[in-house]
Structures are given as structure tokens and as C-alpha cells.
Amino acid sequence: MSYVAPSMARARIGILISGRGSNMVALIDAERQGKFDADVVVVISNIESAAGLTLARERGVETLFISHKGRSREEHDQLMIDELRKREVSLVCLAGYMRLVSPLFVRAFKGRILNIHPSLLPAFPGLDAQKQALEHGVKITGCTVHIVDEELDHGPIVLQRAVDVRDDDTVESLSERILEQEHRAYAEGVARILDPGFRLNRADE
Ligand code: GAR
């Protein structure tokens with residue numbers, strides 16, 4: 001997949017969430033600490049009760065709830081595309097957005113959608129990545145920031161951070177240590193792809 005650098009001088013970020021929103025908060029905090037040259041302009045959730053919506057509002061960021069219920073994936077994604085375009089969003093960050101985006105959405109923001117996932121992809125995509133890692137018995141796992149393509153938890157990798165698995169780890173203890181790394185990784189990943197010098201280092205690019 002080709003990477004298209006956001007063309008605006010200062011990027012405008014839209015964040016999609018479904019729940020807690022701790023990665024979203026990490027991105028808003030990073031923006032305010034000047035860790036990347038962009039503004040978080042809107043947070044959209046497909047779940048009305050998502051705790052992250054309150055956290056975004058408390059930080060003065062516009063929030064929208066767009067339900068997926070009773071709509072096809074394309075209909076739901078088109079509504080999100082319309083709202084993101086109205087706000088001239090140039091980079092979309094999925095932060096615990098627990099739905100597969102449609103090819104329509106991927107095409108609308110081609111190369112400009114990032115996701116964070118709590119494993120070292122391509123290992124353990126999908127739900128419960130930390131549990132999958134423990135059950136497999138890996139000794140190192142971590143998190144991945146990647147550009148989103150049409151497959152679940154898949155696409156060119158921007159950066160990864162490793163986390164050691166301890167013998168006495170539970171899903172909760174491992175998830176907590178991975179989450180700390182996610183918060184650092186996501187801000188770094190955004191900064192990296194907004195850097196005009198960013199290139200995907202892949203043989204097929
Ligand atoms: C995070 O661990 C994120 O990596 C994961 O959901 C959690 C959301 O937490 N995402 C996925 O598994 C995507 N496949 P948060 O709402 O506190 O950011």
C-alpha cells in the first residue's frame with residue numbers, strides 16, 4: 001500500500017474509539033505537549049457509553065457518537081467519512097476502535113489511517129491479543145502501530161515496542177505493561193508518520 005503524507009501544514013487528527021479511550025487520551029496529551037505537529041479535532045465513538053467520550057469532552061475535544069446499529073458497515077463508515085471530511089481531518093487514528101473498517105473507509109483515507117494493536121504483529125491479530133500471547137507461551141510480546149489496510153490488524157508497520165512476558169504474568173498484568181508501551185508508541189508513531197521525511201522501509205514500496 002502506498003503511503004500518502006498528510007498534505008496540510010498542520011495535520012488534523014480524528015480519533016475513532018469504542019471504549020475506555022486511554023490511547024486516545026495519550027494522543028491528546030502528546031499533542032498538547034507538542035510531541036507532534038497536529039491537532040486532535042474530533043473523537044468519534046460507535047458506542048454511546050464509551051468512557052473515552054467523556055474523557056475527550058473533559059479535554060475540550062469535540063465528540064460524536066455514530067452508532068453502527070441498524071446500518072451496514074459501508075453506511076456507518078460513510079457517515080464517519082462525511083464527519084471527518086467536514087472537519088478536514090487528514091489523519092485518522094484508531095484507538096481501541098473494535099470494528100473492522102470497510103474498503104470504502106480505507107480508500108477514503110488511503111495510507112492515512114493508523115491503528116494500535118497490543119501484540120507484535122503479524123502475531124496475534126484480533127481480539128484478546130494479550131491472552132493469545134500468554135496461551136501461546138511467547139516470551140516477548142508488545143504493541144504495534146501500523147497503517148491500516150483492508151485486513152484486520154494488518155498493514156505496513158510504523159513502529160513496535162517489545163514487552164517481556166514474565167512467568168507469573170496474568171492477562172491483566174501483561175495487558176497493563178503493554179498498555180504503558182502503547183501510550184508511548186502511539187504518540188511516537190503519529191510523530192513518525194507526520195515527519196515529511198517518513199518512508200515505509202519495505203521492499204515492495
Ligand atoms: C488497547 O489495548 C488497544 O491496543 C486495543 O484495545 C485497547 C483499547 O484500549 N486494540 C485492539 O485490540 C485493536 N485490534 P483504550 O481504549 O484504553 O485505548
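Whatever order the structure lists them in is the order used to number ligands and atoms, beginning at 1.
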Identify the two heavy atoms, one from S18 and one from S45, that lie closest to each other, and give their separation to 0.1 Å.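 Of all heavy-atom pairs spanning S18 and S45, the closest is CA-OG, 4.1 Å.
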D39 side chain to V41 main-chain N or O, any donor-acceptor pair under 3.5 Å?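 Pair absent, no side-chain N/O of D39 close to backbone of V41.
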Quick one: does R87's side chain have a donor or acceptor within less than 3.5 Å of a partner on G14's backbone?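 No, R87 side chain to G14 backbone: no donor-acceptor pair under 3.5 Å.
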Show the protein residues that qualify under the rule heavy atom under 4.0 Å from an atom of ligand 1, listing them in chain and number order.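 Residue list for ligand 1: R20, G21, S22, N23, G96, M98, I116, H117, P118, D153, E182.
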E188 with R161: basic N within carboxylate O range, under 4.0 Å: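 Yes, E188 and R161 are salt-bridged.
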One thing to verify: whether R184 and E180 come together as a salt bridge, which I'm taking to mean a side-chain N less than 4.0 angstrom from a carboxylate O.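 Looking at R184 together with E180, the answer is no, because their closest N to O distance does not fall below 4.0 Å.
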Give the other cluster members for I178, using side-chain heavy-atom distances under 4.5 Å between Ile, Leu, Val, Met, Phe, Trp and Tyr residues; answer none if it is isolated.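 F124, L134, V138, V163, V165, V171, L174, all in the cluster of I178.
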